[in-house]
Amino acid sequence: MSELQFDFEIIHKINELKEIKKEGILQLLKEVPKETIFDTASNLRNERKGKRISFSKKAFFNIINLCRDTCSYCTYKAEPNDAKLSMMNLETVKGLSKLAKKYNCTEALFVTGERPEQKYSEAKRWLKNEGFSSTAEYLIHCSEIVLNEGVFPHTNAGNLTKSEMKELQKSNVSMGIMLENSSTRLREKGMPHEDAPSKEPKVRLNVLRNAGELKIPMTTGILVGIGESMEECIQSILDIKQIHEKYGNIQEIILQNFHPKPETLMSNHNTPKEDYFKTVVALCRILMPGANIQIPPNLSPNNYHEFLTIGINDWGGISPITSDYVNPEFSWPNIQNVEKKCNDLGFSFKARFPAYPEFIPLVNNELKQRISLIADEENYVEESYWK
Ligand SMILES: O=c1nc2n(C[C@H](O)[C@H](O)[C@H](O)CO)c3cc(O)ccc3cc-2c(=O)[nH]1
Ligand SMILES: C[C@H]1O[C@@H](n2cnc3c(N)ncnc32)[C@H](O)[C@@H]1O
Ligand code: MET
Ligand code: SF4
């Protein structure tokens with residue numbers, strides 16, 4: 001019998017250990033059938049989260065998609081003369097918030113490229129014209145507009161400084177930045193982050209730590225299938241876990257499966273194999289049993305429901321009005337259909353705010369008060385509001 005004979009009991013015990021070693025997890029993958037890993041993850045979810053799946057009814061605000069960096073998987077990024085170029089002025093932001101409110105969306109997801117004003121005079125000029133000197137400053141203003149319309153902003157603008165986050169925290173109930181992966185190998189020549197200094201793992205982990213010091217509920221996650229190894233995924237999860245153990249601010253982990261895009265350097269690269277992706281998802285639950293774990297349903301249109309049996313408890317933002325500008329070829333599923341899928345498999349379906357219920361105590365009093373107007377007793381969105 002091998003020294004490291006893992007079974008269900010042992011996997012449970014792993015969770016009680018303070019320090020989980022990457023080597024042990026890799027060994028576990030060799031010795032335990034994948035079904036055991038998946039079942040364990042599912043049981044842990046049931047134990048820690050109940051049979052309850054959440055989502056956020058959102059509108060995607062494509063604020064500005066010029067970007068200082070180039071990631072070789074990304075088609076969100078535009079060049080100044082592209083048809084897809086987006087620079088949402090304040091009036092458009094206000095208009096979309098009104099529409100979001102009309103559809104009872106509770107989240108305004110703000111996405112931008114990485115500090116576009118540092119590379120493009122077009123961005124700098126446009127911001128100046130609107131009366132701002134940086135993207136971050138503009139986002140602070142946009143957040144206030146959206147909030148005044150009764151929608152809650154959640155900003156993912158890539159790296160932000162601690163002082164920028166401190167300002168945004170006044171109006172944003174939560175914020176996001178994908179770690180993508182903590183492997184520095186992905187920044188080497190020929191790898192997807194070669195031309196993306198903002199994806200330097202140290203830099204991203206530091207943003208998560210700064211957010212921790214500010215007590216901002218943070219969404220982060222891993223982009224799976226961009227040339228990383230299983231070991232590097234495990235290390236990334238452990239790095240996120242370590243930050244959460246220190247600061248308690250990681251509200252959610254998104255596991256996003258890469259999809260190749262024509263005319264990118266990674267156009268010939270495959271989506272991650274299904275078993276590989278599922279193993280990463282299940283391991284994330286095993287390594288962080290109490291975490292909120294999300295997969296975007298639009299990126300697994302034919303089988304998203306299968307992820308319910310491997311430990312996820314959230315679908316992320318689903319928009320009834322805007323497309324997913326990062327993966328525009330994948331439309332959002334209809335919210336009622338997702339609810340039905342959940343119910344059929346024995347799960348309840350709840351709308352949450354951009355900040356998860358257990359993280360709402362971290363937000364400031366003004367935001368808390370606004371939330372309380374449409375929240376149920378558990379800090380989810382009142383069903384009569386969103387349905
Ligand atoms: O609901 C959310 N979805 C977020 N999404 C998911 C997004 O709504 C879509 O699911 C994906 O863009 C699918 O392509 C993110 C995706 C990323 O890759 C990086 C960051 C985010 C951040 C959020 C977020 O904070 N909230
Ligand atoms: C906003 C987030 O979208 C993700 N992202 C960027 N490009 C792709 C792609 N081709 N497939 C899947 N996800 C992608 C990255 O994780 C980024 O952080
Ligand atoms: C499409 S990516 C949007 C957010 C930011 N540019 C990042 O990569 O983190
Ligand atoms: S993923 Fe984000 S940082 Fe990378 S190129 Fe796209 S917009 Fe820029």
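The figures that follow rest on heavy atoms only: side chains count, while hydrogens, waters and symmetry mates do not.
- In this structure, a donor-acceptor pair under 3.5 Å is absent between the side chains of N379 and R352.
- Around atom NZ of K84, more than 12 heavy atoms belonging to other residues, nucleotides or ligands sit under 6.0 Å away.
- Side-chain polar atoms of T184 and R187 form no donor-acceptor pair below 3.5 angstrom.
- For the pair K350 and F55, the NZ or CZ position fails the cation-pi test of under 6.0 Å to the six-membered ring centre and within 45 degrees of the ring normal.
- The existence of a salt bridge linking E274 and K278 is confirmed by a sub-4.0 Å separation between a basic side-chain nitrogen and an acidic carboxylate oxygen.
- Counting non-hydrogen atoms of other residues, nucleotides and ligands closer than 6.0 Å to NZ of K119 gives a total above 12.
- A salt bridge between E366 and R370 is present, with a side-chain N of the basic residue lying under 4.0 Å from a carboxylate O of the acidic one.
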Criterion side-chain hydrogen bond (donor to acceptor under 3.5 Å, both in side chains) on S267 and T264, from CA distance to verdict = CA-CA 5 Å; S267 59; T264 59; 4.9 Å; no
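- With hydrogens and angles ignored, the 3.5 Å screen pairs a side-chain donor or acceptor of N257 with a backbone N or O of L299.
- K273 NZ: 12 or fewer foreign heavy atoms inside a 6.0 Å radius.
- No continuous path of hydrophobic side-chain contacts links V203 to M191 [ILVMFWY only; heavy atoms under 4.5 Å].
- Taken together through direct or relayed side-chain contacts under 4.5 Å among Ile, Leu, Val, Met, Phe, Trp and Tyr, I240 and F359 form parts of separate hydrophobic clusters.
- No donor-acceptor contact under 3.5 angstrom links the side chains of T271 and H259, judged on distance only.
- Residues K261 and N327 bring a donor and an acceptor atom of their side chains to less than 3.5 Å of each other.
- K57 and E107 are not joined by a salt bridge, as no carboxylate oxygen comes within less than 4.0 angstrom of a charged side-chain nitrogen.
- Around the NZ atom of K94, the shell of radius 6.0 Å holds no more than 12 heavy atoms that belong to other residues, nucleotides or ligands.
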Given side-chain hydrogen bond (donor to acceptor under 3.5 Å, both in side chains), test N65 with S86 step by step and report yes or no.
-> CA-CA 6 Å; N65 57 2; S86 174; 5.1 Å; no
Determine, stepwise, if the pair T36 / D39 fulfils side-chain hydrogen bond (donor to acceptor under 3.5 Å, both in side chains).
-> CA-CA 5 Å; T36 312; D39 288 349; over 6 Å; no
Is there a salt bridge (Lys or Arg N to Asp or Glu O under 4.0 Å) between R125 and E130 once you walk through the steps?
-> CA-CA 9 Å; R125 236 180 295 126; E130 298 285 326; over 6 Å; no
Criterion salt bridge (Lys or Arg N to Asp or Glu O under 4.0 Å) on E245 and K241, from CA distance to verdict | CA-CA 6 Å; E245 273 167 1; K241 180 183 162 90; 3.5 Å; yes
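- Shown here is K51, whose NZ atom has more than 12 heavy atoms of other residues, nucleotides or ligands within 6.0 Å.
- The environment of NZ in K340 is sparse: at most 12 heavy-atom neighbours from other residues, nucleotides or ligands sit within 6.0 Å.
- If you look at F349 and W315, their ring centroids are not closer than 6.0 Å.
- Y76 and N62 form a side-chain donor-acceptor contact under 3.5 Å, judged by distance and modelled atom types alone.
- Not counting sequence neighbours, Y120 has no partner by the ring-ring contact (aromatic ring centres under 6.0 Å, His included) test.
- Here the two rings, on Y325 and F61, have centers that are 6.0 Å apart or farther.
- In the displayed structure, E329 atom CD is contacted under 6.0 Å by more than 12 heavy atoms of other residues, nucleotides or ligands.
- If you check the side chains of D239 and Q235, you find a donor sitting under 3.5 Å from an acceptor.
- Residues N159 and E114 have side chains that bring a donor and an acceptor to within less than 3.5 angstrom of each other.
- There is a side-chain donor-acceptor pair under 3.5 Å between T135 and E117.
- Note on ring orientation: taking the six-membered ring where Trp is involved, the planes of Y138 and F132 are perpendicular (angle over 60°, cut-offs 30° and 60°).
- In this structure, E149 pairs ionically with K98, as a charged nitrogen and a carboxylate oxygen lie closer than 4.0 Å.
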Given side-chain hydrogen bond (donor to acceptor under 3.5 Å, both in side chains), test T219 with E252 step by step and report yes or no.
-> CA-CA 5 Å; T219 288; E252 164 188 44; 2.5 Å; yes
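- Side chain to side chain, D314 and Y356 meet the donor-acceptor criterion of an N or O pair below 3.5 Å.
- Put simply, L205 and L287 are part of the same group of oily side chains (I, L, V, M, F, W, Y) that touch within less than 4.5 Å, one to the next.
- Checked for salt-bridge contact, E306 and K341 miss the test: no charged N lies under 4.0 Å from a carboxylate O.
- Taking hydrophobic clusters as Ile, Leu, Val, Met, Phe, Trp and Tyr residues chained together by side-chain heavy-atom distances below 4.5 Å, Y73 does not share a cluster with V224.
- A donor-acceptor contact under 3.5 angstrom links the side chains of N292 and E358, judged on distance only.
- One hydrophobic cluster, built from ILVMFWY side chains closer than 4.5 Å, holds both M218 and L367.
- Residues that satisfy the salt bridge (charged side-chain N to carboxylate O under 4.0 Å, His left out) test with E378, not counting sequence neighbours, are R52.
- Between D275 and K34 there is a salt bridge, since a side-chain N of the basic residue sits under 4.0 Å from a carboxylate O of the acidic one.
- With contacts defined as side-chain heavy-atom distances shorter than 4.5 Å, the pair E188/E194 does not qualify.
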